[in-house]
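Positions are given from 1, in the same order as the sequence printed here. Order of listing sets the numbers, starting from 1, for every ligand and every atom in it.
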Amino acid sequence: MDSILVTGNGPLSGQIPIAGAKNACLTLMPATLLSEEPLTLTNAPRLSDIKTMTELLQSLGAEVSSLQEGQVLAMSSHDLTSHTADYEIVRKMRASNLVLGPMLARLGQAVVSLPGGCAIGARPMDLHVEGLEALGAEIDLKDGYLHAKAPGGLKGAVHEMRFASVGATENIVMAATLAKGTTVLKNAAREPEIVDLVECLRKMGAQISGEGSSTIEIQGVDRLHGATHQVVTDRIELGTYMLAPAICGGEVELLGGRMRLVDSFAAKLDAAGIDVTETEKGLKVARKNGRVRSVDVVTEPFPGFPTDLQAQMMALMCTAEGTSVLEERIFENRFMHAPELVRMGANIEVHGGTATVTGVERLKGAPVMATDLRASVSLILAGLAAEGETTVSRVYHLDRGYEHVVRKLEGVGAKIERIKGQ
Ligand code: UD1
């Protein structure tokens, strides 16, 4: 298995291009199932999660071609041959559950494996099921699979979610585009990836308003048509690389970055003493003098501080002046990076969903292990700031969500290389 070797070597400078959003692409791809006509996505990120979604869509009979070195995905769901999302694929990636709403809407039936537990928490599907049932679906759990059907078609309804789940919002909105009548989804998630999905669905002929607010209204239509859509910038990749100059010092411009995607995160960096400015081409991040100040963080649904940047922020706080408290409110088991950071000399105490980090002057390089996607990149960031060498193993987690991580960080002067495993 491959690993990444990082050697701490001071300030960074230059530019890093930010890719299209993994999480947007993973919901835009299943949207192809809603129409017989082709859907083309541009600015797609080159990631193993995208390959997994490709494999899943192909297993349902969709055609998916990866063009221009993977940056363009040309999809067609003219002839679907299956309505079953198999456990062997779903278990690799929870976002596979995003085929449920579209298949149910287009085919009147769908069988989707439950994803099972994942490293960062239980992540059930109850909110997806409740929303689709409100639209008239009948859903049973049998042999680990959700069996959903809507023999007479889906019908619009008013539904309030108990929690603003990102995936449930996406599934319900996609299903409602082809339902009869109007759906009003209350307490909907407001993430930029949902806004991006709605913009794409609208190009396909869907009638939707309110995206980006907590009430989304969908007027069902008889059919959707083909479209071409550019995937929104990845705000999590953006935030991750904003932390590189924050943790190492220096000045880096993140090409394609926009402040509206990372407002609450940038506010925390500002409080920590990092300069963030919007430029014509992206966001410029600089730390010129002195140590970073500690700040407290609470993860929340958008527009709050994203849970997907909590691990990376913890890496920064490990070297900050003072003590910071990081509270994880979205997932119940998302501090697995903490013991690995402690191996690098960090001072962290975890009690339930709260981590208290007292900054140290300098971290020390060590062999560490990636436990999930965001944890793995937090260890790379910590390695960039540490004295000596850090080897991060199990980097297949990283390949799920970060394209060309070595090339991007090398480009701004980091000492980093991928070591091929046997
Ligand atoms: C998406 C993102 C993920 C991010 C998360 C929160 C994708 C592909 N993934 O995941 O990177 O970390 O949003 O911003 O977009 N929950 C339930 N019942 C449900 C659904 C969710 O209890 O039916 C709970 C989950 O266990 C979790 C919380 O709600 O504790 C948030 O989950 P959700 O917003 O659904 O996240 P995902 O869509 O899975």
Run the numbers for me: atoms of ligand 1, each under 4.0 Å from some heavy atom of [X], listed by number.
| X | result |
| --- | --- |
| Arg334 | 12 (O) |
| Thr307 | 6 (C), 12 (O), 14 (O) |
| Asp308 | 3 (C), 4 (C), 11 (O), 12 (O) |
| Phe331 | 5 (C), 12 (O), 27 (C), 30 (O) |
| Met125 | 23 (O) |
| Gly167 | 35 (O), 38 (O) |
| Phe163 | 28 (C), 29 (O), 31 (C) |
| Ala95 | 8 (C) |

Within 6.0 angstrom of Lys203 NZ, more than 12 heavy atoms from elsewhere
yes
Is the shortest N/O to N/O distance between [X] and ligand 1 below 3.5 Å?
| X | result |
| --- | --- |
| Val166 | yes |
| Ser165 | yes |
| Leu98 | no |
| Leu26 | no |
| Arg94 | yes |
| Arg374 | no |

The answer for which part of Val129 has a heavy atom under 4.0 Å from ligand 1 is neither
Can you name the nearest heavy-atom pair linking Ile236 to Pro306, along with the distance?
CD1-CB, 4.1 Å
Do you know the tightest heavy-atom contact between Arg287 and Ile274?
CD-CD1, 3.7 Å
Under-4.0 Å salt bridge between [X] and [Y]:
| X | Y | answer |
| --- | --- | --- |
| Lys22 | Glu237 | no |
| Asp126 | Arg162 | yes |
| Glu211 | Arg202 | yes |
| Asp86 | Arg91 | no |
| Arg223 | Glu36 | no |

Interatomic spacing from CE in Met259 to CD in Glu278 - rounded to 0.5 Å:
6.0 Å
For residues Tyr145 and Tyr87, establish whether the separation of their ring centroids is below 6.0 Å.
no
For atom 22 (O) of ligand 1, which of Pro124, Ser96, Ala189, Ala21 has the closest heavy atom?
Pro124
